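The next block holds one structure in the form of structure tokens; read it before the comments.
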Amino acid sequence: MKIILKDGTEKEFENGKNVYEIAKSLSQRLAKEAVGGKFNGKIVELFTPINENGKLEILTFDDEDGKKIYWHTSSHIMAQAIKRLYKDVKLTIGPAIDNGFYYDFDVDEPFTVDDFSKIEEEMNKIIKEDLKLERFVLPREEAIKFMDEKGEPYKVELIKDLPEDAVISFYRQGEFTDLCAGPHLPSTGMVKSIKLLSVAGAYWRGDEHNKMLQRIYGISFPKKSMLDEYLNMLEEAKKRDHRKLGKELDLFSIHNEGPGFPFFHPKGMVIRNILEDFWRKEHAKRGYLEIKTPIILNEELWHRSGHWDHYKENMYFTKIDGEDYAIKPMNCPGALLVYNSTMHSYRDLPLRLCELGLVHRHELSGALHGLMRVRSFTQDDAHLFMTPDQVESEILGVIKLIDYFYKIFGFDYFVELSTRPENSIGSDEDWELATNALIKAMEHIGLNYKVNEGDGAFYGPKIDFHLKDSIGRTWQCGTIQLDFQMPERFNCEYVGQDGEKHRPVMLHRVVFGSIERFIAILTENFAGAFPTWLAPVQVKILPISDKHLAYAQNIQQRLLENDIRVELDDRNEKIGYKIREAQMQKIPYMLILGDKEVESGNVSVRSRKEGDLGSKSIQEFLSSILEEIKNKSL
RNA sequence: GCUGGCAUAGCUCAGUCGGUAGAGCAGUUGAUUCGUAAUCAACAGGUCAAGGGUUCAAGUCCCUUUGCCAGCUCCA
């Protein structure tokens, strides 16, 4: 057979050679590191024989798919260890994830981290035993009987739910056998360095109505040094946590008096205001008109919009003069009232109404997370009203706008398309039309996306833009939602070219998502060292002694006149002390002023990134920092 | 909301077997007038998250509540 290798070279092998043998013929080292293969795009095991021509990639731990194989086997080792130590535990599922693996167990007594060392010890024994993983297949009835006899009801349920034509495979390692599609490492001995990381509850099949299982997370590596490096990386990432930095840099606080209701401090407000100014400018350029709608509106409005039926659980209510009112969880009904307050011609469309709208939503207490998930936040919202034939170009416009914004901050993002959820309004035709319009727009500019089945808003499908935090968790920020329902419910109209009344299509969208969440993402991505255009304090003036105060004040004035955010450290402290503090506050530039500077009329510049930059004229410093701010340099 | 863990000074954290709270940093005051990441000294700072219970005695043991952390669920 002919095999095309990863580097494109073609080689002839005897039929039936397995991945390991092929790897070995290429290099001893590759054979040693190989964990599996990818044959014609399909993941295969190390000892899978290859019988036909095709493309073969030898997978090692360095490949994403290789890691998955490695971690999947690691999760089986954990399950085996737990089965040995705790007799009554019932197995459920145990996949590899992006960073390691987990296994969910049904157990009466919950695990705690104190159990970890015992479990790890048993896992290391299993690794040492170097048990072979053997795959075998059973017909459905026998498979069910097999797991039933083993006393594994969850496995029986899993098998029963497999499609008719599914191959039901098992993997056996020593006394332990698990239902599993694979693929796996050939033996437990290939896993070297293993560590259990955390334990948490998780609902069976992710449904909160089901029983809560015990989930143990772990990770493993082929080398001890890689494990140490990973744990070290996690420690470093914790230092970038926006909750920690928010406190250290005095950006915001959250108090017991208002869980999930953040307070913004002066320095946090600087960032907020810059983001909002930038946002207003960019939206004005693109033909958006800004509005502001009330936070409290009559409950009847929310019945009309459908929020009462589909979003009530997340809403706060109040009473005014004996009447029921609701605190808005979304801005759309307000924008619809604005739209309906005047007549519209087709000539006015598309009408792009934007609003920095403060919304309140009741999130579950366990879901709150710093500024990332709160109960009150400002959405940088907009509602676009358009004729049906404007839909695609409007969607495109918003996609480009979001891409433009995220690129300025240097963010990588990924996109998900969320389709119709169970509890939703509108006809199937409208949903299909709306979903197709979103797909068409994304395909038009070649945007890669993942489909998230059934995760749309109750009124329409959406495209979500996700950003990563410091430890790789992803958060939804931008979103574009197409809506045929609200205009219908609110009886929105425009007069067409034909003189008849028509229904507009509506697009909901946010770019930042929520200002609060976006600031959290910014903080974590920059580790608190905001680029100069965003930094709450851009320049700190550090006089050597109070002899130089007058000159320092003079320089401060020059900078203030040029709209630079500047602070003067006039305390009676040594220069090293002041520098240290400014550095820890991650201030982009320090100006050190002593006798030399007073005499020459210059400033001595120290950059947070590069340290001492030497003496410059004030003009020279000003023009370079102003240029940096103007360009929004990162 | 659920599962598990945690809560001591503004911050970071000690506090042994239950015997009556301590450090560093920050703050205040004084001295020092200094050249690129911490000058010295003194002072002040606490209903040990809140409430209840056990005990001669509770920061420490038990219960309840609140908040926080990780995950699940949910979501901008």
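Every value quoted in this text rests on a predicted model; they were computed, and no experiment measured them. Protein chains get the first letters and strands the later ones, always in sequence-line order, with residue 1 at the start of each.
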Any A:His369 side-chain nitrogen or oxygen under 4.0 Å from OP1 or OP2 of B:G71 | no
RNA chain B base-pair string [pairs: Watson-Crick or G-U under 3.5 Å; |: paired with another strand] | (((((((..((((.....[..)))).(((((.......))))).....(((((..]....))))))))))))....
A:Trp431 meets the ring pair (Phe, Tyr, Trp, His ring centres under 6.0 Å) criterion, sequence neighbours left out, with none
Take nucleotides 2-10 of chain B nucleotide by nucleotide from the 5' end and write B, S or -, depending on whether a protein heavy atom sits under 4.0 Å from the base, only from the sugar-phosphate, or from neither.
-> BBS------
The correct set of residues in residues 306-317 of chain A placing a heavy atom under 4.0 Å from RNA chain B is none
Go through the structure and list residues passing ring pair (Phe, Tyr, Trp, His ring centres under 6.0 Å) with A:Tyr102, not counting sequence neighbours.
-> A:Tyr217
May I have the distance from A:Phe405 (atom CZ) to B:A76 (atom P), rounded to whole angstrom?
-> 19 Å
Take the protein atom CD1 of A:Ile544 and the nucleotide atom P of B:C34, then report the distance between them rounded to whole Å.
-> 10 Å
Going by the salt bridge (Lys or Arg N to Asp or Glu O under 4.0 Å) test, which pairs reach into residues 368-380 of chain A, not counting sequence neighbours?
-> none
Give each protein N/O atom lying under 3.5 Å from an N/O atom of nucleotides 59-62 of chain B, with the pair distance.
none

Contact residues, residues 93-102 of chain A to RNA chain B [heavy atom, < 4.0 Å] = none
Sequence neighbours left out, what passes ring pair (Phe, Tyr, Trp, His ring centres under 6.0 Å) with A:His360? Give chain and number order.
-> none
Could you tell me the separation between the CZ atom of A:Arg509 and the CD1 atom of A:Ile463, rounded to the nearest 0.5 Å?
-> 13.0 Å
Kindly state each residue pair satisfying side-chain hydrogen bond (donor to acceptor under 3.5 Å, both in side chains) with at least one member in residues 511-520 of chain A, sequence neighbours excluded.
-> A:Arg272-A:Glu516
Specify the residue among A:Met330 and A:Ala202 whose closest nucleotide of RNA chain B lies further upstream toward the 5′ end.
-> A:Ala202
Non-neighbouring partners of A:His362 that pass ring pair (Phe, Tyr, Trp, His ring centres under 6.0 Å), sequence neighbours left out | A:Tyr316
What residues 598-617 of chain A contributes to the RNA chain B interface at heavy-atom separation below 4.0 Å is A:Ser604, A:Arg606, A:Asp612
